[in-house]
Amino acid sequence: MTPSDADIQELVSRDRVVETLGTLVRTPSENPPGDELAVALIAEKMCGELGFDVSLYEAQPDRPSVVARKRYSEGPTLCYCSHLDVVPVGDRDLWDHDPFGADIVDGRMLGRGSCDAKGPIAAALEAVAALDASGRELRGTLELALVADEETMGFQGAAFLVEEGIVKPDMAIVGEPTSLRVVRAQRGACWFRITTRGRAVHGSAPERGVSAIRHMAEIVQRLEETLPDVTHEIVGGPSINVGTINGGAKVNIVPASCVIEVDRRSIPGETRESVTESVQAAIELARKKFPELDATVELPFYGEPFEIDESSRVVTDVLGAIEEVTGAPGEVVGFRGASDARFLAEAGATVVVCGPGDITLAHTAHESVDLNEVHRGAMIYALA
């Protein structure tokens with residue numbers, strides 16, 4: 001007799017998922033500097049015990065990503081991807097508990113990575129354990145990609161796996177703290193570096209020189225003006241933020257150079273070219289005031305936005321699993337930040353982001369996760 005969905009839910013062990021999560025949280029994996037090795041070895045062992053064929057792949061020495069596969073039969077490949085690295089703890093005096101203690105208070109596990117994203121990983125591992133125990137016949141290949149480097153944009157983790165052709169799934173679920181909501185669209189992240197050049201002279205005679213900072217100030221004011229007036233039904237509109245500025249050599253010298261770094265978030269439908277054109281347009285507006293303005297634009301990092309149709313199988317199946325577990329319809333949302341989902345989308349997968357945990361607690365000294373939510377997340381992953 002084929003086990004029912006209810007049978008599978010019964011096999012998801014809250015105690016086991018809490019134990020798994022505690023082990024992961026108690027193993028520091030801060031990035032930077034990129035200390036993922038210890039937790040990757042633990043994840044490798046856990047995946048091996050679940051019957052996966054497991055391999056480690058390194059873009060940099062001692063920074064492995066874990067890729068575990070289980071082929072049930074002919075059929076599509078579903079990848080579950082999440083990240084083993086966590087952001088640094090920062091000032092420990094801000095923490096009420098040991099950030100790597102995995103303390104449990106009022107049904108919540110406290111600690112760095114508890115929700116971002118070791119909670120989702122623990123839920124995924126428990127989902128596999130429950131499916132295997134159920135004896136449910138599955139079709140295709142299940143792939144876990146537990147990666148390094150997500151917190152510094154993923155180039156040494158998910159991006160490396162995709163670029164090398166190690167991971168190329170048909171469908172994917174990316175585990176991030178979404179409060180068990182389903183993300184089917186995500187904004188892109190584009191980081192620009194703009195440099196202006198002037199002519200340095202003594203600060204007592206600024207009229208004899210050209211101030212690179214003055215020119216840059218005009219560009220900064222124009223960046224908001226040239227942001228496209230567009231919006232997306234889920235992720236909203238694009239945004240732009242000047243994150244750093246550096247210019248001048250000394251207070252009594254007219255500055256010969258100025259550099260800013262700009263974070264431009266794009267929405268589905270925008271492209272590398274259109275985003276760059278909007279930044280260039282700000283420079284052209286500034287040049288109308290300062291015809292001698294000398295500026296260059298670089299794009300050190302470009303991350304594509306993505307969206308998939310709400311009727312896609314991976315969306316409807318995850319939503320159905322959420323409703324079955326929680327008794328309420330699942331919610332579809334957009335993701336304003338960046339995640340490794342963009343790499344899997346670029347590889348051709350239909351991908352959603354979904355996992356237990358509250359994103360507003362991630363990266364804070366109060367990071368924690370509701371253990372009942374992690375338990376429900378494991379049930380949802382198993383049914384999906």
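- By the neighbour-count criterion of 12 heavy atoms within 6.0 Å, atom CG of Asp106 is sparsely surrounded, having that number or fewer from other residues, nucleotides or ligands.
- Among Arg187, Arg265, Arg264, the one residue that satisfies the salt bridge (Lys or Arg N to Asp or Glu O under 4.0 Å) test with Glu270 is Arg264.
- No side-chain heavy atom of Thr20 sits under 4.5 Å from any side-chain heavy atom of Glu126.
- Pro169 is listed as a side-chain neighbour of Val167, based on a closest heavy-atom distance under 4.5 Å.
- No side-chain heavy atom of Val174 sits less than 4.5 Å from a side-chain heavy atom of Cys79.
- Residue-environment remark: CZ (Arg197) exceeds the threshold of 12 foreign heavy atoms within 6.0 Å.
- Note on ring orientation: taking the six-membered ring where Trp is involved, the planes of Phe290 and His215 are tilted (angle from 30° to 60°).
- Between Arg69 and Glu143 a salt bridge is recorded (basic side-chain N to carboxylate O distance below 4.0 Å).
- A salt bridge is absent between Arg26 and Asp98; no separation between the charged side-chain nitrogens and carboxylate oxygens falls under 4.0 Å.
- Side-chain contact, His363 with Glu151: a donor N or O sits under 3.5 Å from an acceptor N or O.
- Within a 6.0 Å radius of CD in Glu10, other residues, nucleotides and ligands contribute 12 heavy atoms or fewer.
- Panel note: side chain Arg181, backbone Glu331; no donor-acceptor pair is recorded below 3.5 Å.
- When all heavy atoms of Thr316 and Ser311 are compared, the closest pair comes out as CG2-O, 3.9 Å.
- Side-chain atoms of Ser312 never come within 3.5 Å of backbone atoms of Val314 as a donor-acceptor pair (strictly under, hydrogens ignored).
- One finds no salt bridge joining Arg214 and Glu292 here, because no Lys/Arg side-chain nitrogen approaches an Asp/Glu carboxylate oxygen to under 4.0 Å.
- His83 and Glu176 form a side-chain donor-acceptor contact under 3.5 Å, judged by distance and modelled atom types alone.
- Between Glu304 and Arg342, none of the side-chain N atoms (NZ, or NE/NH1/NH2) sits under 4.0 Å from a carboxylate O, so this pair counts as no salt bridge.
- A salt bridge is absent between Arg16 and Glu19; no separation between the charged side-chain nitrogens and carboxylate oxygens falls under 4.0 Å.
- When every heavy atom of Pro238 is checked against every heavy atom of Ile267, the shortest pair comes out as N-CG2, 3.6 Å.
- For Glu74, the CD atom counts as loosely surrounded, since its 6.0 Å shell holds 12 or fewer non-hydrogen atoms of other residues, nucleotides or ligands.
- No side-chain donor-acceptor contact under 3.5 Å links Asp15 and Ser13.
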